[in-house]
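Okay, so here's the structure we're looking at.
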Amino acid sequence: MTSQPVSVQITDGVAHVRMDNPPVNALGLALREALMDALAELEHNDDVMSVLLIGQPKAFSAGADITEFGTGTSSPTLPELVARVEDFPKPVVAAITGVALGGGLELAMAAHARVALTTAKLGLPEISLGLLPGAGGTGRLPRLVGPEKALELILGGKQIPAEAALQDGLVDAVLDGGSDAGSADSDGGSGFETEAARWTAEFAASGGPMRTQDRTDKIADAAAKPGTVVELAATALRKVKDPFAGKAAVEAVTAGVEKSFERGAVVERAKFQERLKSSESAAQRYLFAAERAARKPRNLDPAAARDVKQAGVVGAGTMGGGIAMALVSAGIPVTVVEAQQEALERGLGMIEKNLAVSVSHGNRTEKQAAQQRALITGTMDYADLSDADLVIEAAFEDLQVKKEIFAKLDQHVKPQAVLATNTSYLDIDEIASGTEHADRVLGMHFFSPANVMPLVEVVRGAQTSPEALATGFATARRIGKTPVVVGVCHGFVGNRMLGVRSRQAEQLLLEGALPSQVDDVLTEFGFRMGPFAMADMAGLDIGWRNRKAQGTTAPIGDALCVEGRFGQKTGAGYYSYEGRDRQNDPEVEEIIERVSAEHNMTRRGISDDEILERLLFPMINEGARILEEKIADRASDIDVIWVKGYNWPAYRGGPMWYADQVGAAVVAERLTHYAEATGDESLRPASALQRAADVGGSLTGASSS
Ligand code: 3HC
């Protein structure tokens, strides 16, 4: 019996119910209906003793169909399907291959037992969409793994491997499925499926099904001591990416543990619907699509990418070391080149230390660290890069230095090797001009720490070949980064917009604000840090040096540097520091007031609203210019850059999305006002922004429903 997108095959009393809804078995209406139909038939089929619910090798199921969210969900809903599985009179076992995420895992948790292939990953990523699990997950997960682990999974949104799921009690067995694990046999099954079917038959023979919602052992303690769940959630809630969804999830888990499964389900449903309609969830669903759009840059042919079997990194400083770590973590051998033995040893030592820290944090096993360490070779000889397919230069940020390095690389690498520079600001075309093969040069702008931060701006130079661009892009993907293709300009997309914000922040200090007021406005908005706390962390001397090189000034930033206040590393910057604890410093206030007076400014009280507008609207304006100049393919690419590289709060979608929520007309009107009030003509609305304002249009072209 077959009915798309579900097929059923009955073997030895076990009904194999196979979901087949590519690409990721999202639980859309058609799949839910087909599963309900299949269950209805199997319930009364006397040949069937038990049910094995299985997906495809890539995915058991990635959860609810995100594309249905805007349109409202029709019956049978996911909670209805999940309840039907749990109440099914014959044992149902979920057999998990690939991923079981969100509603997919909730479906599996409603089954009477779960087995997983060794390579499977499980998780509840709803929080990343501004949601909480909405099909019983907040009630069933604590019953399977206990409230503490459940909160960690629900609030963190991370996927865990099958083995960890077994330890936690989320699955009942991990099966390796032999050599053909997860892939289809000639009869449509697999070694894993065969083993899972055997397991299911034994499970069915060994006793009646136990509903997950009826289990109480793992929640008994927390249920007996009200307040436990809230207490357990406190730390995770402080770090949660979407505090609104996080709080809603905790309320649902609390009700499910402290009152009853049914009561929890009611709270969960109400909170899920509330979050689904929220602007925060709309922003994150937009970002989900934006990230996927950024994976398909215009005018980039993925097929043109060259295979990178060996890589090189020039420079063993913080960036070079981080990039080398990112490359080896994806199994790509790296040769690291430094000019001096001492610098090389220091750099390799730092990599060694970072690997050890990552083992101690549980991010790598000792074995993985050893394997990755073995893939790194240090040298001072460029000739050792002769095998490299891709070399990433991460040397000192100085045009002349970089040009010399590229000229040297050009002589030593093989003709088809791709050369990338990790410059943050410099002109890629100028760097490429120092080589004989400018077509193989591109930018790969990583963010610090490069082994952790996901963003890479992949910069297309005027002469960059399709092969070079595709290779840089594919390599960034391969090492688990989020690459976004951008064009050449000072600071590319991210730093160019950051520069505009920094200028306004400095100006606000001159006009009457203090660092803590400005920073607090941005942390209140959702950033982890404001511009001054961030500058103190990065080191004020870096910006000072850059400004001097470009002949620009930032009166207050410069004045602090003159006093030797370089930020956290000197214990004093915009704030003073005891370790990392920052304090407002009266000395800074004096410096600010003095510099204001020197600039003939009459200081005034500035409202938080003005601070927010003055910081964010000029960035939006710059984003609009970036689009006009075609430096970014799409507005949503700019948003991905800001969320992934600069900690823009995901629940606010990114600067361009935010502009659409405020309204282009409002942004343009306020910018015009500030241009007139301050005399800063750069604040005049860019034409793309003004056009959107005039017609009531959108910058992102996305709807917020
Ligand atoms: N619904 C609809 N489409 C989905 C989807 C989903 N849940 N998950 C992935 N897709 C689509 C993607 O948009 C993409 O479409 P495209 O080819 O048109 O761009 C395609 O499937 C392939 O996805 P990826 O490009 O992301 O493929 P990867 O191999 O890189 O990753 C994945 C696969 C890990 C499954 C990743 O897609 C993912 O994390 N998906 C989202 C999972 C998720 O958030 N689930 C929770 C949904 S909310 C929910 O379940 C609510 C419930 O509690 C009631």
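Atoms within each ligand, like the ligands themselves, are counted from 1 in listed order.
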### Message
Are W648 and F525 an aromatic pair, judged by ring center distance below 6.0 Å?
### Response
yes
### Message
I'd like to check F192 versus V115 (side-chain heavy atoms, cut-off strictly below 4.5 Å). Are they in contact?
### Response
yes
List, for ligand 1, each N/O atom that has a protein N/O partner under 3.5 Å away, with both atom names and the distance.
unit_1, atom_1, unit_2, atom_2, d
ligand 1, 1 (N), A64, O, 3.4
ligand 1, 1 (N), I66, N, 2.9
ligand 1, 7 (N), A62, O, 3.4
ligand 1, 7 (N), A64, O, 2.8
ligand 1, 19 (O), K296, NZ, 3.0
ligand 1, 25 (O), R295, NH1, 2.9
ligand 1, 26 (O), R292, NE, 2.7
ligand 1, 26 (O), R292, NH2, 3.0
ligand 1, 29 (O), K58, NZ, 2.7
ligand 1, 30 (O), R295, NH1, 3.3
ligand 1, 45 (N), A62, O, 2.8
ligand 1, 50 (O), A64, N, 2.9
ligand 1, 50 (O), G103, N, 2.8
ligand 1, 53 (O), E106, OE1, 2.7
ligand 1, 53 (O), E126, OE2, 2.5
ligand 1, 53 (O), G134, N, 3.0

#### Entry: ring pair (Phe, Tyr, Trp, His ring centres under 6.0 Å) pairs, two or more places apart, involving residues 242-270
F244-Y651
#### Entry: Residue among D389, V418, T475, L390 satisfying side chain to side chain contact (heavy atoms under 4.5 Å, CB included) with R306
V418
Pair up each side-chain donor or acceptor in residues 120-139 with any protein partner under 3.5 Å, not counting sequence neighbours, and list the distances.
unit_1, atom_1, unit_2, atom_2, d
S128, OG, P125, O, 3.3
T138, OG1, E268, OE2, 2.6

### Query
Which residues pass the side-chain contact (heavy atoms from CB on, under 4.5 Å) test with T119, sequence neighbours left out?
L117
